[in-house]
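Sharing a structure, written as structure tokens. Questions coming.
Note that the structure is predicted; figures quoted are calculated from it, not measured. Just so you know, these numbers use all the heavy atoms, side chains as well, and skip hydrogens, waters and symmetry mates.
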2 protein chains.
Amino acid sequence: MAVLERNNNLSQRMTQQLGRAIVCGDYSQGESLPTEADLCEEFGVSRTAVREAVKMLSAKGLISSRPRQGIRIMPEEDWNIFDSDLLRWSLEGNPSMRVLKEFLQMRIAIEPEAAALAARFARSERKQAIGDALERMRVAAENTENELEADIDFHISILYASENRFYIRMRDFTRTALNVSIRHTNVIKANPDGVIEDHAKVYHAICSGNAERAKNAMFLLIDEALGFIEQELEKNGDAT
Amino acid sequence: MAVLERNNNLSQRMTQQLGRAIVCGDYSQGESLPTEADLCEEFGVSRTAVREAVKMLSAKGLISSRPRQGIRIMPEEDWNIFDSDLLRWSLEGNPSMRVLKEFLQMRIAIEPEAAALAARFARSERKQAIGDALERMRVAAENTENELEADIDFHISILYASENRFYIRMRDFTRTALNVSIRHTNVIKANPDGVIEDHAKVYHAICSGNAERAKNAMFLLIDEALGFIEQELEKNGDAT
DNA sequence: TGCAACAATTTGTCGTACATTTGTTACACA
DNA sequence: TGTGTAACAAATGTACGACAAATTGTTGCA
């Protein structure tokens with residue numbers, strides 16, 4: 001019998017448990033999950049709890065459930081992969097370098113343009129938040145934990161500074177992407193001062209309202225990581 | 001007593017009804033929705049149905065519900081606005097030109113880069129799908145309905161051709177964005193042949209594997225619309 | 001062989017009862 | 001008067017049982 005964690009309420013825990021299992025590939029695509037009745041037994045909970053979990057997962061596009069057919073995994077392209085929970089679950093699934101590449105390919109579209117918008121439209125508080133994060137990166141240079149956190153805040157502040165709800169909504173995506181990065185690359189640490197200076201260039205371009213330069217500076221920042229990854233992937237074929 | 005549509009099952013209809021109401025701003029941010037009991041009465045359904053709807057909406061980030069506090073609208077920045085349902089609901093809410101601008105600002109990040117990736121990585125079936133859509137645009141030149149559909153397919157095929165799950169996942173976003181566009185702009189019709197040719201340039205660049213040119217061609221395509229909108233917004237201040 | 005009727009399976013909906021969480025009120029005590 | 005605590009109240013959380021509805025498979029008859 002599967003065991004559930006203690007936090008939150010029962011249906012939320014069920015949701016997490018099942019969601020993680022699906023995202024991590026424990027059930028293959030198109031396959032049928034156990035029926036509600038079976039899940040009740042397996043987890044030792046009432047049908048109410050199971051049904052609420054199923055509803056939440058189907059709201060995220062992971063599954064669909066119909067009479068007689070039972071519960072089916074939806075094709076992966078229908079999953080709401082920008083959902084915060086899904087991002088978290090897939091992060092826990094120890095993503096491959098290939099996935100990291102996909103994250104970076106997406107970031108390289110979003111973040112340079114976000115920086116450009118920030119340069120044009122950001123309110124002053126937003127700009128200040130970027131500066132604060134940059135300063136914290138400088139201070140935390142020795143502490144890897146804090147540095148990652150400040151780094152994440154830097155990139156997210158820029159999303160907010162775009163003053164566009166769609167960019168802002170990418171914050172969990174960017175956060176996850178950076179967390180994935182840190183698992184695969186120590187290249188950043190090779191030249192910490194250089195990295196900080198590259199971030200500073202983005203910040204200054206935004207502050208001075210130079211959209212084109214902000215965009216380019218951010219592009220370079222991400223493109224470097226992307227280039228590194230593509231190189232690694234070619235070398236190893238398919239290593240984790 | 002509110003009336004529900006006929007389609008789907010009860011909790012899905014409840015979800016749509018409530019979701020639409022929230023997205024359209026019938027309840028203001030931070031406000032409390034009626035309690036489960038009140039919703040049961042208002043819609044004349046059982047608590048089960050209401051609760052399942054609430055769970056689905058909270059899975060989409062629209063609301064949160066806790067004992068004693070009741071059901072609360074979440075701040076808008078926590079909504080999963082890339083969720084297909086949310087996009088559809090907000091489309092039904094007659095979006096303003098300001099929202100259209102946000103859509104275009106996002107598309108101008110995504111689609112040029114998608115085209116670049118397509119030029120580098122697309123499998124041949126994917127390229128063919130783009131070509132098919134382009135051909136259908138040509139044929140449907142007179143029929144506005146069909147033309148929009150073909151146009152949408154063109155842009156979505158390119159997302160698929162990027163061979164990156166995150167870009168592919170943007171398909172509902174792009175579909176919605178184009179549907180929003182069509183409500184606000186007839187500029188496209190001014191010079192139909194020119195528009196088709198601009199699309200064709202993107203297609204040919206992708207086919208010939210020229211990432212840089214594909215990117216630029218797509219950029220121009222969207223930037224034109226964006227420029228038009230920004231101009232309109234400056235003119236009118238804040239018209240619909 | 002084709003079609004209709006039936007049966008079985010699974011989710012969908014309802015109602016009730018009680019548990020749990022959390023905010024508020026009221027009271028006792030210093 | 002202020003403070004801590006106990007009791008209460010209001011909302012969601014969980015469980016169970018019953019039946020409805022939908023879908024699919026099967027059986028049996030023309």
Side-chain angles (χ1 to χ4, degrees), chain A residues 1-19 21-22 27 30-74 78 85, chain B residues 1-19 21-22 27-74 78 85:
Chain A
M1 180 171 126
V3 181
L4 299 173
E5 293 152 23
R6 273 163 242 77
N7 289 332
N8 304 318
N9 64 42
L10 192 50
S11 40
Q12 280 170 349
R13 278 173 288 168
M14 281 289 303
T15 306
Q16 287 187 5
Q17 195 89 355
L18 286 177
I22 293 170
Y27 304 94
E31 192 185 341
S32 278
L33 253 62
T35 65
E36 290 181 357
D38 291 341
L39 288 171
C40 291
E41 225 180 316
E42 186 179 351
F43 290 92
V45 301
S46 74
R47 212 181 138 205
T48 310
V50 169
R51 279 186 63 79
E52 291 187 353
V54 166
K55 288 298 171 192
M56 288 201 268
L57 293 176
S58 73
K60 294 178 187 299
L62 256 62
I63 60 183
S64 77
S65 87
R66 294 171 53 191
R68 176 81 208 211
Q69 273 196 289
I71 305 166
R72 292 245 173 105
I73 310 281
M74 293 287 281
D78 290 331
D85 291 322
Chain B
M1 180 171 126
V3 180
L4 298 172
E5 294 153 21
R6 275 163 243 80
N7 289 333
N8 304 320
N9 63 43
L10 192 50
S11 40
Q12 280 170 351
R13 278 175 288 169
M14 282 288 304
T15 306
Q16 287 188 4
Q17 195 90 354
L18 286 176
I22 294 170
Y27 305 93
S28 60
Q29 206 176 82
E31 192 184 342
S32 279
L33 254 61
T35 64
E36 291 181 354
D38 292 341
L39 288 171
C40 290
E41 224 180 316
E42 186 178 350
F43 291 92
V45 300
S46 73
R47 211 179 140 208
T48 310
V50 169
R51 280 186 62 80
E52 291 187 352
V54 166
K55 288 297 172 193
M56 287 200 268
L57 292 176
S58 73
K60 294 178 187 300
L62 256 63
I63 59 183
S64 77
S65 88
R66 295 171 52 191
R68 175 80 208 206
Q69 280 202 331
I71 305 167
R72 292 247 174 102
I73 311 279
M74 294 288 280
D78 289 333
D85 292 321

Exercise. Would you say the side chain of Thr48(B) lies within less than 4.5 Å of the side chain of Glu52(B), judging by non-hydrogen atoms?
Worked result: yes
Problem set entry | Distance in angstrom units between Arg72(B) CZ and dT22(C) P, rounded | 13 Å
Problem set entry | Rounded distance in Å - CZ (Arg13(A)) to C1' (dG13(D)) | 11 Å
Problem set entry | pair Thr35(B)-Asp38(B): side-chain heavy atoms closer than 4.5 Å | yes
For this session: Please evaluate the base of dA11(D) for a donor-acceptor partner in the side chain of Thr35(B) within a cut-off of under 3.5 Å?
Result: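 No, the side chain and the base share no sub-3.5 Å donor-acceptor pair.
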Exercise. Want to settle it: does Arg66(A) or Pro67(B) sit nearer the 5' end of DNA chain D, counting the closest nucleotide to each?
Worked result: Pro67(B)
Exercise. Once you round it to whole Å, what is the distance between P of dA19(C) and CZ of Arg51(B)?
Worked result: 17 Å
For this session: Find the distance Leu10(B):CG to dC19(D):C1' and express it as a whole number of Å.
Result: 16 Å
Exercise. Are the side chain of Lys55(A) and the backbone N or O of Ala53(B) linked by a donor-acceptor pair below 3.5 Å?
Worked result: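 Judged by distance alone, no pair lies under 3.5 Å.
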Exercise. Atom CG of Asn8(B) and atom P of dA21(D): how far apart are they, to the nearest Å?
Worked result: 17 Å
For this session: Report the distance from atom CD of Gln69(B) to atom C1' of dT20(C), rounded to the nearest whole Å.
Result: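 Distance check: Gln69(B) CD to dT20(C) C1' gives 15 Å.
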Problem set entry | Nearest-Å distance for atom pair CD/P, residues Glu36(B) and dT12(D) |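 Those two atoms, CD and P, are 4 Å apart.
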For this session: Starting at atom CG of Asn9(A), determine the distance to atom C1' of dA15(D), rounded to an integer number of angstrom.
Result: 14 Å
For this session: Would you mind classifying the nucleic acid contact of Ser65(B) as base, sugar-phosphate or nothing, using non-hydrogen atoms under 4.0 angstrom?
Result: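 Counting heavy atoms under 4.0 Å across all strands, the contact made by Ser65(B) is with sugar-phosphate only.
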Problem set entry | Nearest-nucleotide pick for Lys55(B), side chain only, options being dC14(C), dG13(D), dT11(C) | dG13(D)
For this session: Take Arg68(B) and Ala49(B), find for each the nucleotide of DNA chain C with the closest heavy atom, and name the residue whose nucleotide sits nearer the 5' end.
Result: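 Comparing both residues, the 5'-ward one is Ala49(B).
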Exercise. Would you say the side chain of Leu33(A) lies within less than 4.5 Å of the side chain of Arg72(A), judging by non-hydrogen atoms?
Worked result: no
For this session: Look at Thr48(B) and dG15(C) and indicate whether a side-chain polar atom (N or O) is within less than 4.0 Å of OP1 or OP2.
Result: no
Problem set entry | Distance-minimising heavy-atom pair for Ser65(A) and Ile71(A) | CB-CG1, 3.9 Å
Exercise. The side chain of Arg47(B) lies closest to which of these nucleotides: dT22(C), dT14(D), dT13(C)?
Worked result: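 Output: dT14(D).
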